[in-house]
Every structure is written in structure tokens, then in C-alpha cells.
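Reminder, nothing fancy here: chain letters follow the sequence lines and each chain counts from 1.
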There are 2 protein chains.
Amino acid sequence: MTNSDAKRPSGCPIAFGLDTFGDRWTLLIIREMLFRGKSTYGDFLAADEGISTNILANRLKHLEAEDIVMKRRDPENFRSFLYELTPKGFDLAPILIEIVRWSGRHDDRPDRLTEMVNRVENDREGLGREIEARRSAAQQNRAASERQGQQIN
Amino acid sequence: MTNSDAKRPSGCPIAFGLDTFGDRWTLLIIREMLFRGKSTYGDFLAADEGISTNILANRLKHLEAEDIVMKRRDPENFRSFLYELTPKGFDLAPILIEIVRWSGRHDDRPDRLTEMVNRVENDREGLGREIEARRSAAQQNRAASERQGQQIN
DNA sequence: TTCTTCAGCTTGCATTTTGCAAGTTCACTT
DNA sequence: AAGTGAACTTGCAAAATGCAAGCTGAAGAA
């Protein structure tokens, strides 16, 4: 789906955002990339929530079409692919961080994990640097791929 | 749905948030309340995106169960109801604001409306005050309702 | 050079969720 | 007593999701 065939062409930026990443899985895939440095199809399949393979394939295709992720061959393992966030994808970080903060305040289940919440509340700078590092690494990779005219399929 | 019967009990705060408000309609309902001061079932039905009545009823029930909205009779029109955000609901504001900012940066459709984006980028303080005003008005109303032991159905 | 494995999908089908339209209830209004 | 407006509820068709099984193409093993 590109921007022009949005399901809800209401002009509202909230609606636009939800049309782009507002389903039950997309932000979890982004989380894997942004906060956990994951990058392969198998990584995403292995995430705790158990996304099914057809949905994952569908969402990755959608995210590529939206220019939120880029797919390229893994230069170290040529039968695998790497999915990496674009700048547009990295820009989703503040949204995810605010979701983490909200959940940290309002999830009162006894067994909730607080690692990510603690990170966001007590080491926002460190987290920011980590994400920034991933962002510039991704940029290096994009540049390198372009230099090599790298094939994608 | 209460916190304890989450669809994805992974312990991740992102997953928790998505289980609570991560469908295609919930945040649009919240938007009507938070940014547009809307409060009735009819208001929500009339929103641009055209939510259907059964889905709306379902989501409002869910939001009430999650303590994100409260429902009470309209004291000025006793056959109508008012849906108002709780503090937990108001706390969603930063998430919506970050979605607006992201869309402002990345929605490049020619006909996109920028009113809300402009507001967020150029009058964040004014917007903050407006939301804060709604929050304290809601608190007054909750207090008043409790004083009167107001019935809800 | 064929055989196996691994990563990344695609396909088929049952279940669930969504969307649309029509009908119901209850509190007023006339 | 009949009518109207607001807030739902119900029934059913269409779409999305979830699960399991199968396919494909690159690498490494035999």
C-alpha cells in the first residue's frame, strides 16, 4: 500500500499513521529492529508474540512498499536477507517510546517485565545513542549497497 | 478485556499497549475526545473516517473496561450519554502527538491537511494547555458525578 | 553432480473480525 | 398516546487472521 491508496483518506495525520502502521503486528516488527537489533525473517518469526509466517511476509512487503524498511541480501550469508529500517522507519522511535512510557505507567500486571520501561525512563540518553548508532550503521549499509549496485532478489 | 486476559502476554510494554489500543479504530475515538472535545456516541459516529456502529459500541465498551474512558449521563440532556477520558486515557496524548509529528514529516500526499500538524509543531504549548483544560474539566465532572452518586445506565 | 539443509517465503482452509443495513430500546417531546 | 432522537443490538456477507503444509533457491555435504 502506498500513501495514495490509504484506506481512510480523511486527511487526518492520526488516520494516516494508523493506515501505515496501525495494525496488530507492524509495530512489533519495528520494535524488533529498533530496540533489539533484529534483522532477518527468522528473527521476526522467533519473537515472543508468535507472528505467523504469512502475516509476517505480508507486513514486510507492506513496510518495504512504504519505504519504512529496506531489504537486501546478507553479504555474510548470501542465502539470507537483511531487513533494515530506513530513516522514515527510525523516525517511528518516539512513538514506540511513548507507548513504552504509557505501558510503564498503566500496566499493573504483577509479572510485567520492566527492563524496557526502566531503560526508557532511566537511561533515555543511552537508548537514544543506541538507536542513533543503529541509524547511522543502517545508513552506511545503504550507501555501501548502492556503491555495489547490490541485487535484492 | 482487562489487563489480565491480554492476547499477547509477552510482558513487552509495546505488546501491552497494542493489546489495549492497537486496533484500527480505538485511537481515532481517542483523537475525537482528546483533540476535538467530542464526547457522544453520535459525535464518534459522525467522524470523517466513518466507523460503523457495531464496532464503535464494541470499542467503547472495551475502553470503559480498560478504564480509559468513563461513561455517564449527560446532565443537560438525560437521554444522551457523555464519554470522557480518564487520566489513563489522557495519558495517551503523547503517543497521539508523536503520531501526528511522524505523519507531518512523512505524509507527502498533496491534499494532506496540516492544521493538526501545524498545531503540534508550532503551538505545542497551546495544545498542551487545551488538553490540560479538558483533563481538569473531566476531573471536575468525575468528582461531581461521585458526589451525586450518579447512575450510569 | 546429486542430496540435504536452511532461510524465506506461498498456498489452502478454518476461524475470527469487520462492515453494512436493519431493527430495538428508552427518554424525552408534542 | 404517538413521535422522535440517541444509543445501541442483531444478522449476515466480506475481509483479515491464524495455522499447517508445501515450495524455492542458495550453500554445504557426499
Could you tell me whether the phosphate oxygens of [N], OP1 or OP2, come under 4.0 Å of any side-chain nitrogen or oxygen in [X]?
| X | N | answer |
| --- | --- | --- |
| A:Trp25 | D:dA16 | no |
| A:Arg59 | D:dT17 | yes |
| B:Lys71 | D:dA6 | no |
| A:Ser80 | C:dG8 | yes |
| B:Lys61 | D:dT9 | yes |
| A:Tyr83 | C:dC9 | yes |

Whole-Å distance between [N] [atom2] and [X] [atom1]?
| X | N | atom1 | atom2 | answer |
| --- | --- | --- | --- | --- |
| A:Glu76 | D:dA27 | CD | C1' | 15 Å |
| B:Leu56 | C:dG19 | CG | C1' | 13 Å |
| A:Arg24 | C:dT17 | CZ | P | 7 Å |
| A:Arg73 | C:dA7 | CZ | C1' | 10 Å |
| B:Leu45 | D:dT9 | CG | C1' | 13 Å |
| B:Asn58 | D:dT10 | CG | P | 13 Å |
| A:Asp74 | C:dG8 | CG | P | 9 Å |
| A:Arg72 | C:dG8 | CZ | P | 13 Å |

Any protein N or O atoms within reach of nucleotides 4-6 of chain C? Criterion: under 3.5 Å, listing atom names and distances.
residue, atom, partner, partner atom, Å
C:dT5, O2, A:Arg79, NH1, 3.4

Rounded to the nearest 0.5 Å, what separates atom CD1 in A:Ile99 from atom CZ in A:Arg31? 11.0 Å
Rounded to the nearest 0.5 Å, the CZ atom of B:Arg59 sits from the CD1 atom of B:Ile29 at a distance of 7.5 Å
I'd like to know if B:Glu115 pairs up with B:Arg119 as an ion pair, taking the criterion as any Lys NZ or Arg NE/NH1/NH2 lying under 4.0 Å from an Asp or Glu carboxylate oxygen. no
Looking at A:Glu125 and A:Arg129, is any side-chain nitrogen of the basic one under 4.0 Å from a carboxylate oxygen of the acidic one? yes
Indicate, with a heavy-atom threshold strictly under 4.0 Å, whether A:Asn77 touches base, sugar-phosphate, or nothing. nothing
Check every strand shown and say whether A:Asn54 touches a base, only sugar-phosphate, or nothing at a heavy-atom separation below 4.0 Å. base
[X] side chain: which of [options] is closest?
| X | options | answer |
| --- | --- | --- |
| A:Thr40 | C:dG19, C:dG8, D:dG18 | C:dG8 |
| A:Thr53 | C:dC9, D:dA7, D:dC8 | C:dC9 |
| B:Phe81 | C:dT10, D:dC8, C:dC20 | D:dC8 |

Looking just at side-chain N and O atoms, do B:Tyr41 and B:Thr53 make a donor-acceptor pair shorter than 3.5 Å? yes
Mapping A:Ile55 and B:Gly42 to their closest nucleotides on DNA chain D, which lands nearer the 5' end? B:Gly42
Determine, step by step, whether B:Glu132 and B:Arg135 satisfy the salt bridge (charged side-chain N to carboxylate O under 4.0 Å, His left out) criterion, reporting the C-alpha distance in whole Å, the side-chain angles of both residues, the deciding distance to 0.1 Å, and the verdict. CA-CA 5 Å; B:Glu132 202 43 53; B:Arg135 189 200 293 260; 3.4 Å; yes
Nearest atoms (heavy-atom pairs only) where B:Ala15 meets B:Ser10: CB-OG, 3.5 Å
Aromatic rings B:Tyr83 and B:Phe44: how do their planes relate, parallel, tilted or perpendicular, breaks at 30° and 60°? tilted
